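These numbers come from a predicted model, not from an experiment. Every chain is numbered from 1, with letters handed out A, B, ... down the list of sequences.
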2 protein chains.
Amino acid sequence: MNIGEASKASGVGAKLIRYYESIGLIPEAGRTAAGYRVYSGNDVNVLRFIKRARTLGFSIERIQRLVGLWQDRNRPSAEVKRVALDHVAELEAKIAELRAMSDTLKELANACHGDDRPDCPILRDLAHEDGGAHAHHNGCHKATQGP
Amino acid sequence: MNIGEASKASGVGAKLIRYYESIGLIPEAGRTAAGYRVYSGNDVNVLRFIKRARTLGFSIERIQRLVGLWQDRNRPSAEVKRVALDHVAELEAKIAELRAMSDTLKELANACHGDDRPDCPILRDLAHEDGGAHAHHNGCHKATQGP
DNA sequence: CTTGACCTTCCAATCGCTGGAAGGCGCAGG
DNA sequence: CCTGCGCCTTCCAGCGATTGGAAGGTCAAG
């Protein structure tokens, strides 16, 4: 099985397979006399594993650990779970970050006329706000913040 | 005002200011006889605008358009709104993607004992699943998919 | 004059790919 | 045998948005 066949069988893409080898995610493949890489069915399984893990957003570093655990017949499932939950925590943090951005922008866009006039709360927010916290009804007066 | 002062005033970071200049996001700053960059209060406002826009996750490319619209007194707010809503759409798409990853992983992790035993539904999913769709009760039988 | 804090430029790394160029290999047809 | 096509090989470069470091010039104070 050469790299093109392994690519078709795994769905991973020949260049990506070579890349994964170069960074040590997969071991160096065997070679034919001519220098062609040779793959086994098991190699294809590893590639599929990696592909699925990437689909779930795991970093290469974590996938390395997951592959290692997968190969280890004596792995404690707790370790796998910890890797997964660490990743979940990062995903949730990222989601919260993007959620905050999106909500803020939706609010600003909602307040924008969206016509030919230049007045725009979106630009006003970007230009003026020091931190960007939306002020609702209590507006701009600095209130009890005297020096 | 040199780059360090502009950095402190804008909160942007001297290296990043130079980078923004190098990619054309901000115009080339004036220079002293010795070659030091010189900034005005307005430059600082632009930097703050950029910083806030980055906080909201806008790409450099979109920020360029936003800065252009900001400077244009005759801008139609509709254009600003469109840039913002395009970005919101991308944010929502990304959120949905991460949400799907996180939910799948939470489900798998929830089904994982997380103890010393090697059996683990997370690894089973990564290893075996062709697409990763969770099958619930209708399991593995290929049903009516005969050739 | 020396010190130290600034400034300058350029180069490299991050992360996960993806593309291209240049050259070798395998197999078919003429 | 030669040619062509499609595969394989390596290396290099770039994406986006920074961040870091090295090597060297400048400024103000002691």
Side-chain angles (χ1 to χ4, degrees), chain A residues 1-26 28-39 43 46-67 86-87 90-91 93-94 97-98 101, chain B residues 1-26 28-39 43 46-67 86-87 90-91 93-94 97-98 101:
Chain A
M1 214 178 198
N2 64 24
I3 202 172
E5 291 163 330
S7 172
K8 261 172 223 144
S10 66
V12 171
K15 288 209 103 134
L16 202 40
I17 296 175
R18 281 187 280 253
Y19 170 70
Y20 286 157
E21 183 185 316
S22 81
I23 61 170
L25 176 56
I26 56 178
E28 291 193 16
R31 303 281 183 139
T32 66
Y36 285 24
R37 284 174 181 81
V38 180
Y39 296 92
D43 294 330
V46 173
L47 287 168
R48 278 209 276 251
F49 182 101
I50 291 168
K51 187 189 166 138
R52 171 81 178 131
R54 288 294 301 139
T55 299
L56 290 175
F58 282 103
S59 68
I60 297 290
E61 197 189 347
R62 283 209 176 96
I63 293 174
Q64 228 151 11
R65 268 182 282 163
L66 289 173
V67 171
D86 283 355
H87 181 44
E90 279 178 22
L91 286 169
K94 192 75 193 169
E97 195 188 333
L98 300 183
M101 290 173 180
Chain B
M1 213 177 199
N2 64 23
I3 202 170
E5 292 163 330
S7 172
K8 261 172 223 141
S10 66
V12 170
K15 288 210 104 130
L16 204 38
I17 297 176
R18 281 187 279 254
Y19 169 70
Y20 286 158
E21 183 185 314
S22 80
I23 60 169
L25 176 56
I26 55 178
E28 289 193 17
R31 302 283 183 137
T32 66
Y36 284 25
R37 285 176 181 80
V38 179
Y39 297 91
D43 293 330
V46 172
L47 286 169
R48 276 208 277 250
F49 181 101
I50 291 168
K51 187 190 165 138
R52 172 77 179 134
R54 286 294 301 138
T55 300
L56 291 174
F58 282 101
S59 68
I60 298 290
E61 196 189 347
R62 283 209 176 96
I63 292 174
Q64 229 150 9
R65 270 183 278 163
L66 289 173
V67 171
D86 284 356
H87 181 44
E90 277 177 22
L91 287 169
K94 192 77 193 168
E97 193 188 335
L98 301 183
M101 291 173 178

Nucleic acid contacts of residues 1-9 of chain B, taken as heavy-atom distances under 4.0 Å to DNA chain C:
B:Asn2, B:Ile3, B:Gly4

note: A:Lys51, atom NZ; C:dG16, atom P; distance rounded to Å ~ 17 Å

Mark yes or no for whether B:Thr55, through its side chain, and B:Lys51, through its backbone, hold a donor-acceptor pair below 3.5 Å.
yes

Minimum heavy-atom separation for A:Glu90 to A:Arg62, with atom names?
OE2-NH2, 2.9 Å

Going by heavy atoms in the side chains, are B:Leu25 and B:Ile63 under 4.5 Å from each other?
yes

Whichever of B:Tyr19 and A:Ala34 has the more 5' nearest nucleotide on DNA chain D, that residue is A:Ala34

Whether the side chain of A:Tyr36 and the base of C:dG24 hold a donor-acceptor pair under 3.5 Å is what I'd like checked.
yes

Measure CG/A:Leu25 against P/C:dC15 and give the value in whole Å, please.
14 Å

Which ones in residues 57-67 of chain B lie close to DNA chain D, meaning a heavy atom under 4.0 Å from one of its atoms?
B:Ser59, B:Ile60

Contact check, side chains of B:Tyr36 and B:Ile3, non-hydrogen atoms, under 4.5 Å:
no

Are the side chains of B:Val38 and B:Asn2 in contact, using a 4.5 Å heavy-atom criterion?
no

Contact boundaries of DNA chain D with chain B (under 4.0 Å, heavy atoms), 5' to 3'?
D:dA17 to D:dC27

B:Ile17 side chain near B:Ile26 side chain, heavy-atom distance below 4.5 Å:
yes

Take B:Phe49 and B:Val67 through the test side-chain contact (heavy atoms from CB on, under 4.5 Å) and record every step on the way to the result.
CA-CA 8 Å; B:Phe49 181 101; B:Val67 171; 3.7 Å; yes

With heavy atoms under 4.0 Å as the rule, sort B:Arg18 into base, sugar-phosphate or nothing.
base

Side chain to side chain donor-acceptor pair (under 3.5 Å) partners of A:Glu97, counting only residues at least two apart
none

Could you go step by step and tell me if B:Ile60 and B:Arg54 meet the side-chain contact (heavy atoms from CB on, under 4.5 Å) rule?
CA-CA 8 Å; B:Ile60 298 290; B:Arg54 286 294 301 138; 4.1 Å; yes

If I take atom NZ in residue A:Lys15 and atom P in nucleotide C:dG19, what distance separates them, rounded to the nearest angstrom?
8 Å

So does A:Glu5 pair up with A:Arg37, basic N to acidic O under 4.0 Å?
no

Please state how far atom CD1 in A:Ile17 lies from atom C1' in C:dC17, giving the value in whole angstrom units.
14 Å

Nearest-angstrom distance from the residue atom CD of A:Glu21 to C1' of C:dC17
16 Å

Taking five pairs at each end of the helix from C:dC1-D:dG30 to C:dG30-D:dC1, what angle separates the two helix axes (nearest 10°)?
40°

Taking only residues two or more places apart in sequence, or in another chain, which ones meet A:Glu61 in a side chain to side chain donor-acceptor pair (under 3.5 Å)?
none

Residues A:Arg18, A:Lys15; criterion side-chain contact (heavy atoms from CB on, under 4.5 Å); working and verdict
CA-CA 5 Å; A:Arg18 281 187 280 253; A:Lys15 288 209 103 134; 4.2 Å; yes

Is a donor on one side and an acceptor on the other found under 3.5 Å between the side chain of B:Gln64 and the backbone of B:Gly24?
yes

If we ignore hydrogens and angles and just use 3.5 Å, is the side chain of B:His87 paired with the main-chain N or O of B:Ser59 as donor and acceptor?
no

B:Arg37 vs C:dC7: side-chain N/O to OP1/OP2 distance below 4.0 Å:
no

